[in-house]
Amino acid sequence: MQTLSQLSSVTLPRNDGIPLDLDWVASVQANTSAIERRAKTLPARRSVKKDHQAAWLLKAISCIDLTTLSGDDTQGRVRRLCAKAKQPVASQTLDIFGLPNLTTGAVCVYHDMIQTAVNALEGTGIPVAAVSTGFPAGLSPLHLRLEEIRESVKAGACEIDIVISRRHALTGNWQALYDETKAMREACGPAHMKAILATGELGTLRNVARASLVCMMAGSDFIKTSTGKEPVNATLPVTLTMLRAIRAYHARTGLMVGYKPAGGISKAKDAITYLAMIKEELGDRWLQPDLFRFGASSLLGDIERQLEHHLTGRYSATHRHPIG
Ligand SMILES: O=C[C@H](O)COP(=O)(O)O
């Protein structure tokens, strides 16, 4: 079995996409009430035993895109964030769990802060992700959004979080969404692309399911819920919808696309619910940082507090990680 540190260096699989299949897109439905019913039962399910919770929290840390996306970001703030990404919890805690090299999955910043993050993370292998394409609304002219991607890659970002044009999904113009996303994928070159659907602005779960599929067909390596700036960000019903789209895409094409819930995820308990849902819907392979990330600015703080709580309680140096 691979250790967490080995897994963080696994190369992300690429999704080169497939031609747009409009019949498939049109046939996609989402049974909102069934999805909402299932999502409601998830937090109460006992899929994670109490004794394993600390191990799941360490897994969650390895999957965080540690994020700062504020108008008042400074180089100092980004350097502190990178220091935290390199050592997310106290070294004594990591030693106890036998994970001395645990880091977050990536650091996620605005374009202007890429260079600072790249310098601060040099030699660590922690990737820098950048939000590009006129984040968060994505309403600047397409040629400027594409240029922004190219500039971000040139500055050292190896993961690009693009935002989709919500209007294409809202008007059912799947061809336009496909063409635009594909052009963005090409502009990313060697960088991995995460497509942010801004699900809180897509109106229906059916639109979420269809937009997920179109973005995967256009070559997105990840689909991501939200920018963190919409009135409603990551939710469990949206997550179920997107995970099932990923499962359908994998079943039809054999291609594995990652998932990134983002925005408003700040509690350790919620992180465990998300991980349990991934395990149930997609299986263990999707619980690795190359296929799953949390986009979160404040989740790590709560996980640290919960780990301390566990350590002062029941955990021993012989505790073993149950999920790889
Ligand atoms: O992509 C990441 C999100 O912007 C983070 O949102 P958050 O600040 O609510 O955790």
Side-chain angles (χ1 to χ4, degrees), residues 12 57 60-74 77-78 80-82 84-85 88 104-114 117 121 126-138 145 148-149 152 157-164 166 184 188 191-202 208 211-212 215 220-236 238-239 242 257-275 278 289-306:
L12 289 165
L57 293 179
I61 291 173
S62 73
C63 295
I64 293 178
D65 278 3
L66 195 60
T67 300
T68 184
L69 295 172
S70 299
D72 59 355
D73 281 345
T74 59
R77 179 185 289 171
V78 170
R80 286 193 293 280
L81 191 81
C82 292
K84 201 69 196 152
T104 66
V107 161
C108 182
V109 292
Y110 269 116
H111 173 88
D112 237 25
M113 294 292 156
I114 296 172
L121 295 172
I126 303 171
V128 174
V131 292
S132 299
T133 67
F135 182 96
R145 284 179 275 151
E148 190 185 354
I149 292 174
S152 294
C158 40
E159 300 181 7
I160 302 291
D161 290 23
I162 62 112
V163 288
I164 69 159
R166 285 67 133 177
M184 290 176 181
C188 283
H192 283 259
M193 185 172 89
K194 307 191 196 100
I196 306 175
L197 305 187
T199 54
E201 293 179 344
L202 293 189
V208 170
S212 298
C215 286
S220 303
D221 297 299
F222 267 69
I223 49 174
K224 169 175 170 182
T225 58
S226 320
T227 65
K229 315 288 183 194
E230 288 85 55
V232 179
N233 293 288
T235 66
L236 297 183
V238 152
T239 294
M242 292 172 74
V257 172
Y259 178 64
K260 178 174 171 182
I265 303 170
S266 59
K267 297 283 173 239
K269 194 158 71 72
D270 295 338
I272 291 179
T273 302
Y274 275 98
L275 290 175
I278 303 291
D290 59 349
L291 284 171
F292 180 72
R293 301 284 178 78
F294 289 108
S297 59
S298 55
L299 174 62
L300 183 55
D302 194 52
I303 292 182
E304 271 187 284
R305 280 188 290 280
Q306 297 307 321

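Order of appearance sets the numbers: ligands from 1, and atoms from 1 within every ligand. When reading the values below, keep in mind they use all heavy atoms of this one structure, side chains included, and skip hydrogens, waters and symmetry mates.
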Novice: With heavy atoms of Ala296 as the reference, note each atom of ligand 1 found under 4.0 Å away.
Specialist: 10 (O)
Novice: Which one holds for Lys224 and ligand 1: side chain close, backbone close, both close, or neither close, with close meaning a heavy atom under 4.0 Å?
Specialist: side chain
Novice: Short question: side chain of Arg293, backbone of Leu291 - any donor-acceptor pair under 3.5 Å?
Specialist: no
Novice: For a quick test of reading the model, state the closest non-hydrogen atom pair linking Pro127 to Gly105 and the distance between them.
Specialist: CD-O, 3.2 Å
Novice: Considering non-hydrogen atoms of the protein only, which is the closest contact for atom 8 (O) of ligand 1, and what is the distance?
Specialist: Ser297 OG, 2.5 Å
Novice: Check contact between Gly264 and ligand 1, using heavy atoms of the residue and a distance below 4.0 angstrom.
Specialist: yes
Novice: With a 4.5 Å cut-off on side-chain heavy atoms, are Val131 and Thr227 touching?
Specialist: no
Novice: Below 4.0 angstrom from a heavy atom of Thr67, which ligand 1 atoms are there? Numbered from 1 as shown, please.
Specialist: 2 (C)
Novice: Starting from atom 5 (C) of ligand 1, which protein heavy atom do you reach first, and at what distance in Å?
Specialist: Gly295 O, 3.7 Å
Novice: What residue and atom, counting heavy atoms only, is the protein's closest point to atom 6 (O) of ligand 1, and at what distance?
Specialist: Gly263 CA, 3.5 Å
Novice: For the CG atom of Leu81 and the CG atom of Leu66, what is their distance to the nearest 0.5 Å?
Specialist: 4.0 Å
Novice: Are Tyr110 and Ser70 packed together at the side-chain level, in the sense that at least one heavy-atom pair is separated by less than 4.5 angstrom?
Specialist: no
Novice: So among Asp65, Leu275, Thr67, which one has a side-chain contact (heavy atoms from CB on, under 4.5 Å) with Phe294?
Specialist: Leu275
Novice: With backbone taken as N, CA, C and O and side chain as the heavy atoms from C-beta onward, which portion of Thr227 lies under 4.0 Å from ligand 1: side chain, backbone, both, or neither?
Specialist: backbone
Novice: With a cut-off of 4.0 Å, which atoms of ligand 1 are near a heavy atom of Leu69?
Specialist: 4 (O)
Novice: Is atom NZ of Lys269 surrounded by more than 12 heavy atoms (other residues, nucleotides or ligands) closer than 6.0 Å?
Specialist: no
Novice: How does Ala262 reach ligand 1, by side chain, by backbone, by both or by neither, if only non-hydrogen atoms under 4.0 Å count?
Specialist: side chain
